[in-house]
Amino acid sequence: PAVVAQKAATLQLLAEGRFTLGLGSGENLNEHVIGQGWPGVATRQDMLREAIEVIRQLMTGDLVTYRGEHFDVDSARLWDTIHETAKFGATPKGGVRRLTLGPEDKQVRDWFRKACETAGLEVHVDAIGSMFGLRKGRDMSKPPVGLGSHLDTQPTGGKFDGVLGTLAALEVVRTLNDAGIETETP
């Protein structure tokens with residue numbers, strides 16, 4: 001729900017009020033990701049009601065910490081993580097200037113590697129410098145699920161420029177770890 005709320009808020013701003021968020025209780029499409037049976041209709045509808053409650057709270061723009069039957073949102077951890085990375089390239093007006101291959105980019109990449117390793121991820125860097133944190137699954141022969149964005153910013157970027165998608169992916173891993181969930185796929 002947290003990622004849906006963030007994406008919906010962004011689209012609403014970009015669409016100048018012409019965006020409407022539609023939600024449903026889902027189909028049996030993601031069973032392969034977590035390796036567990038798909039909940040029945042009544043449970044999915046309860047999950048949808050709870051997700052809508054979380055999204056409504058998040059859409060206020062306030063920090064939200066939520067503990068429910070199906071979902072937990074730890075606003076402080078993600079918020080703190082975003083602000084921790086914002087120190088790498090912070091500007092006097094509260095923005096961030098963290099250009100690719102600059103010293104601030106190296107600082108945030110070193111920080112990210114350590115954060116991934118602390119979360120139990122194997123960190124790999126490819127030939128062009130893209131970083132990948134791999135969380136093991138029960139069946140390592142399956143292709144991994146990918147989440148993320150980028151750590152560098154535009155020359156006059158903000159605290160959320162790119163890094164929000166990357167840190168949201170890290171938060172997903174941390175949340176899975178906290179819940180003791182072992183996924184089927186990496």
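- Side-chain contact between Leu176 and Glu182: absent, with no pair of heavy atoms (C-beta onward) separated by less than 4.5 Å.
- Taking CZ of Arg109 as the reference point, atom OG of Ser130 lies at 7.5 Å (rounded to 0.5 Å).
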Worked verdict on Lys114 versus Thr118 for side chain to side chain contact (heavy atoms under 4.5 Å, CB included): CA-CA 6 Å; Lys114 183 178 178 187; Thr118 299; 4.3 Å; yes
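- Here the straight-line distance linking atom OG1 of Thr183 with atom CG of Asp139 works out to 10.5 Å at 0.5 Å rounding.
- Two residues are said to be in side-chain contact when any heavy atoms from C-beta on lie closer than 4.5 Å; Leu134 and Pro144 meet this criterion.
- In this structure a side-chain-to-backbone donor-acceptor pair under 3.5 Å is present from Ser149 to Gly162.
- A 4.5 Å side-chain heavy-atom check between Phe132 and Asp126 finds at least one atom pair inside the cut-off.
- Residue pairs that meet the side-chain hydrogen bond (donor to acceptor under 3.5 Å, both in side chains) test with at least one member in residues 152-161, sequence neighbours left out, are Thr100-Asp152, His150-Asp152.
- Partners of Lys136 under the salt bridge (Lys or Arg N to Asp or Glu O under 4.0 Å) rule, at least two apart in sequence or in another chain, are Glu122.
- Here His83 pairs with Trp79 under the ring pair (Phe, Tyr, Trp, His ring centres under 6.0 Å) rule; sequence neighbours left out.
- Taking both residues in full, the closest heavy atoms of Val123 and Cys116 are given as CG2-CB, 3.6 Å, listed atom of the first, atom of the second, then distance.
- We find the CD-CG distance between Glu104 and Leu151 to be 13.0 Å, quoted to the nearest 0.5 Å.
- Atom CZ of residue Arg138 and atom CD of residue Glu184 lie 5.0 Å apart, to the nearest 0.5 angstrom.
- Both Leu164 and Phe88 belong to a common hydrophobic cluster when Ile, Leu, Val, Met, Phe, Trp and Tyr are linked at side-chain heavy-atom distances under 4.5 angstrom.
- The closest side-chain heavy-atom distance from His124 to Met131 is not below 4.5 Å.
- Residues passing the salt bridge (Lys or Arg N to Asp or Glu O under 4.0 Å) test with Lys106 are Asp110, sequence neighbours excluded.
- Under the rule for a salt bridge (Lys or Arg N to Asp or Glu O under 4.0 Å), the partners of Arg113 that lie at least two apart in sequence or sit in another chain are Glu117.
- Within the 3.5 Å criterion, the main-chain N or O of Thr85 finds a donor-acceptor partner in the side chain of Arg98.
- For Glu84, the side-chain hydrogen bond (donor to acceptor under 3.5 Å, both in side chains) criterion is met by Trp111, not counting sequence neighbours.
- The shortest heavy-atom contact between Leu78 and Ala168 is CD1-N, 4.1 Å.
- Judged by distance alone, the side chain of Arg97 and the main-chain N or O of Thr91 form no donor-acceptor pair under 3.5 Å.
- Separation of atoms CG (Asp80) and CG (Leu167) is listed at 11.5 Å; rounding is to 0.5 Å.
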Please step through side chain to side chain contact (heavy atoms under 4.5 Å, CB included) for the pair Thr81 and Arg174, ending with a clear verdict. CA-CA 12 Å; Thr81 303; Arg174 289 171 168 172; 3.1 Å; yes
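- Annotation: the span from Gln57 atom CD to Thr65 atom OG1 amounts to 9.5 Å, rounded to 0.5 Å.
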